[in-house]
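First the structure, in the form of structure tokens, and then the observations on it.
Every chain is numbered from 1, with letters handed out A, B, ... down the list of sequences.
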2 protein chains.
Amino acid sequence: MDSNQLVTILKALADPTRLKIVGLLSHRNCCICELVPIFGISQPAVSKHMSRLKSAGLVVETRRGQWVFYALNHERLEQVRFALGNLPDYSAEFERLAEQGLLVTCE
Amino acid sequence: MDSNQLVTILKALADPTRLKIVGLLSHRNCCICELVPIFGISQPAVSKHMSRLKSAGLVVETRRGQWVFYALNHERLEQVRFALGNLPDYSAEFERLAEQGLLVTCE
DNA sequence: TAGTACTATAACTATATGGTTATTTAAATA
DNA sequence: TATTTAAATAACCATATAGTTATAGTACTA
């Protein structure tokens, strides 16, 4: 997973409604019409949140008759946890700074 | 850590510049004037990013002469990883839905 | 003490975001 | 087939965000 993907996923998680949706889905799959009364926001608002989570790869959808059920992609969440524990190595940036004499070294 | 705090931290991480700053700080403490040439954005822009990371508890600052050095708060990042792996239990929400007859059960 | 270097704050701008209502699409049912 | 229900899309609005330039504050240094 590259940094841009990670940012996309973090943005998807960085909203109180969507974070709670992820928590709800970790307990049970849900459809939009169940989430609407939980959050007290409009159906299109929930729909857009799901679309955001889906494009971040955090949920997958399954049509079930007239309902669309959303399930948490646990693996994706694990990938985020792993990425946050294994940030990219940016030592080349410091080498470049050093070459330009821009590294600050006190004491 | 409550959900609001987690959202605040995730928002702080959910930006390409700040995420890279966190990655840089995981390698070496930095001051603003080192980050400016790395990102090619203005000094106030970097300053505001650091302020955002600081208020999320992700970095701590130490004044060192005329410089202010920022260090990553590794513990805070670990707290985020833990929280994402241990989301709150929202089963009460489903019980409430069931009471209202709003749980969708197919098959 | 005057000047210089680093950082923070203020004021502003353009874009992203999270909500709304209205409408359309899709599927089940009378 | 007409109606109803669920979900998605469109158009819009208010606020948040990430950048800018200008200025103020803070700490070394000549």
Side-chain N,O (A/Tyr70) to OP1/OP2 (D/dA6) below 4.0 Å: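 Answer is no, no contact under 4.0 Å.
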Side-chain N or O of A/Arg52 closer than 4.0 Å to phosphate OP1/OP2 of C/dG18: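 For C/dG18, OP1/OP2 do have a side-chain N/O of A/Arg52 under 4.0 Å.
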cation_pi(B/Lys54, B/Tyr70) dist<6.0 Å, angle<=45: no
Salt bridge A/Glu93-A/Arg96, side-chain N to carboxylate O under 4.0 Å: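 Yes, charged N to carboxylate O under 4.0 Å.
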d([atom1], [X]; [atom2], [N]) in whole Å:
X: A/Arg64; N: D/dT5; atom1: CZ; atom2: C1'; value: 18 Å
X: A/Leu53; N: D/dA8; atom1: CG; atom2: P; value: 12 Å
X: B/His49; N: C/dA8; atom1: NE2; atom2: C1'; value: 15 Å
X: A/Glu61; N: D/dA8; atom1: CD; atom2: C1'; value: 10 Å

Residues forming a ring pair (Phe, Tyr, Trp, His ring centres under 6.0 Å) with A/His74, sequence neighbours excluded: none
Heavy-atom pair with the smallest gap, counting every atom of B/Ala71 and B/Leu25: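 Answer, listing the atom of B/Ala71 first, then B/Leu25: C-CD1, 4.3 Å.
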Nearest heavy atoms of B/Asn73 and B/Gly57, plus distance in Å: ND2-O, 3.0 Å
Sugar-phosphate only, base, or nothing, as touched by B/Glu34 at under 4.0 Å among non-hydrogen atoms: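 If one applies the 4.0 Å heavy-atom cut-off, B/Glu34 turns out to touch nothing in the nucleic acid.
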Derivation and outcome, side-chain contact (heavy atoms from CB on, under 4.5 Å), residues A/Val22 and A/Leu53: CA-CA 9 Å; A/Val22 167; A/Leu53 290 171; 4.0 Å; yes
DNA chain D contacts among residues 38-48 of chain B, heavy-atom distance under 4.0 Å: B/Ile41, B/Ser42, B/Pro44, B/Ala45, B/Lys48
Residue-level proximity of residues 7-32 of chain A to DNA chain D when a heavy atom falls under 4.0 Å: A/Cys31, A/Ile32
Residue A/Gln66, side-chain atoms from C-beta onward, closest of D/dA7, C/dA28, D/dA18: C/dA28
A/Trp67 side-chain proximity, nearest of C/dA27, D/dT17, D/dA6: D/dA6
Flag the pair [X] / [Y] as yes when at least one side-chain heavy-atom distance between them is below 4.5 Å, and no otherwise.
X: A/Pro88; Y: A/Ser3; value: yes
X: A/Asp89; Y: B/His27; value: yes
X: A/Met50; Y: A/Leu35; value: yes

Residue whose closest nucleotide on DNA chain C lies nearer the 5' end, B/Met50 versus A/Gly65: B/Met50
